[in-house]
Amino acid sequence: MTVATAADVPRPVAEINAAGRFLFIAGTAMLCAWVLVPIYLLVVNTLSSPQEVSGFPKTGVPSFDFGSLQFFLGFSGVVKALWNSVVVAVLTMILSIGIGAPAGYALTRFEFPGKATFRMLVLMTRAFPLPLLALPLAIMFIRVGLDDTVFGLALVHTTLAIPFAVLITFSIFSGIPVELEEAAWTLGCNRLQAFHKVVLPLVLPGITASAIFAFTISWNEVFAASVLTVENRTLTAFLLQSLSVSPMHLKFAGGAALVLPALIFIFAVRKYLFAMWGIANR
């Protein structure tokens, strides 16, 4: 039996493979630049003096002037708004997974009338724009006492994240054979024990990825926070209100304060995302 070598490969095929590799590498490089260059410029301008931010030409290297960042963090209401964003995002993450994961499991394991319609209705909840619902939500929240509260805002963000949580967890549970649970049942486990011991370890990375998605939705949402809160604004609503007429160097500092906590959170839980896609942990 002979082994084909590179010289045996027809020239057109070799050229096509080389072109494919080049396009893949170029596309990956462009995608990385699309994500990393704005973050780099944000960090550079945040760690530069006001004169360097507004001056020209740009050096592209930060001077590590923390004056803008210190002034922004010391501004009245920033720390409270940052804390409100963290609390609302964590509550949204817990509520969306607490509701969405059982719904995804039920859609996978049980048959009931209207199952397909229910899945469609879950997805169609995102068809209603939030500005259209803002006034009814504000009136309802005022009547029930949830206006200008962190928990009320978390409920709104949960309604935005639940459709994605349901669909993501549904696809994750669909990939787990039901025979694994049935085998646990034959060994004396009930449904809850089988889920906890067999299914949960397998779906935990996917559920974590869904939770991260819910956290990101809540962290970046600004419209509901601007309409439904006054004293307990999140950081996004606070920035929209306070930095619209601020100098450019303070806007960069506010953008860094908004972006960096989310990046740190995602970096901290990255191993669960890697595990979901079958990438070995490092």
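Keep in mind it's a predicted model, so treat the numbers as computed, not measured. All residue numbers refer to positions in the sequence shown, counting from 1.
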Subject >> Salt-bridge contact Arg109-Glu181 (side-chain N to carboxylate O under 4.0 Å) >> reply: yes

Using atom types as modelled and distance alone, determine if a side-chain donor or acceptor of [X] lies under 3.5 Å from a backbone N or O of [Y].
X: Trp219; Y: Leu258; answer: yes
X: Glu182; Y: Ala184; answer: no
X: Arg233; Y: Ala81; answer: no
X: Asn232; Y: Thr149; answer: no
X: Thr46; Y: Phe252; answer: yes
X: Gln193; Y: His196; answer: no

Atom pair [atom1] ([X]) and [atom2] ([Y]), whose distance is rounded to the nearest 0.5 Å:
X: Phe238; Y: Leu235; atom1: CZ; atom2: CG; answer: 8.0 Å
X: Leu187; Y: Lys197; atom1: CG; atom2: NZ; answer: 10.0 Å
X: Thr236; Y: Leu82; atom1: OG1; atom2: CG; answer: 11.0 Å
X: Leu160; Y: Ser218; atom1: CG; atom2: OG; answer: 9.0 Å
X: Ser96; Y: Phe213; atom1: OG; atom2: CZ; answer: 10.5 Å
X: Met30; Y: Leu23; atom1: CE; atom2: CG; answer: 11.0 Å

Check whether any side-chain heavy atom of [X] sits under 4.5 Å from a side-chain heavy atom of [Y], and report yes or no.
X: Val203; Y: Thr169; result: no
X: Leu228; Y: Phe141; result: yes
X: Arg143; Y: Met140; result: no
X: Leu91; Y: Val150; result: yes

Same apolar cluster: [X] and [Y], side chain cutoff 4.5 Å:
X: Leu31; Y: Phe24; answer: no
X: Leu200; Y: Phe173; answer: yes
X: Tyr40; Y: Leu36; answer: no
X: Val198; Y: Val178; answer: no
X: Ile39; Y: Leu42; answer: yes

Work out which heavy atom in [X] is nearest to a heavy atom in [Y]; give both atom names and the distance.
X: Gly104; Y: Thr108; result: O-OG1, 2.8 Å
X: Gly254; Y: Leu239; result: O-CD1, 3.5 Å
X: Ala103; Y: Val166; result: CB-CG2, 4.0 Å
X: Ala194; Y: Cys189; result: N-CB, 4.0 Å

Original post:
Considering residues, nucleotides and ligands other than Trp83, do more than 12 of their heavy atoms fall under 6.0 Å from its CH2?
Top reply: no

Subject >> Heavy atoms from other residues, nucleotides or ligands near CZ of Phe151 exceed 12 (cutoff 6.0 Å) >> reply: no

**OP:** Report the C-alpha distance between Thr234 and Leu153 in whole Å, list the side-chain angles of each, state the deciding distance to 0.1 Å, and finish with yes or no for side chain to side chain contact (heavy atoms under 4.5 Å, CB included).
**Re:** CA-CA 9 Å; Thr234 59; Leu153 185 58; 3.4 Å; yes

**OP:** Mind telling me whether Phe110 and Tyr105 have parallel, tilted or perpendicular rings, with 30° and 60° as the class edges?
**Re:** perpendicular

**OP:** Would you sort out whether Met93 and Ile212 count as a side chain to side chain contact (heavy atoms under 4.5 Å, CB included), showing the intermediate values?
**Re:** CA-CA 7 Å; Met93 185 172 58; Ile212 295 172; 5.8 Å; no

**OP:** Kindly indicate, with the supporting measurements, whether the criterion side chain to side chain contact (heavy atoms under 4.5 Å, CB included) is fulfilled by Ile217 and Phe164.
**Re:** CA-CA 10 Å; Ile217 290 177; Phe164 299 101; 3.9 Å; yes

Original post:
Ile97 pairs by side-chain contact (heavy atoms from CB on, under 4.5 Å) with which of Thr208, Thr158, Ile207?
Top reply: Ile207

**OP:** Start with the C-alpha distance between Leu180 and Leu202, add both sets of side-chain angles, then the distance that settles side chain to side chain contact (heavy atoms under 4.5 Å, CB included), and finish with yes or no.
**Re:** CA-CA 11 Å; Leu180 294 178; Leu202 297 175; 3.9 Å; yes

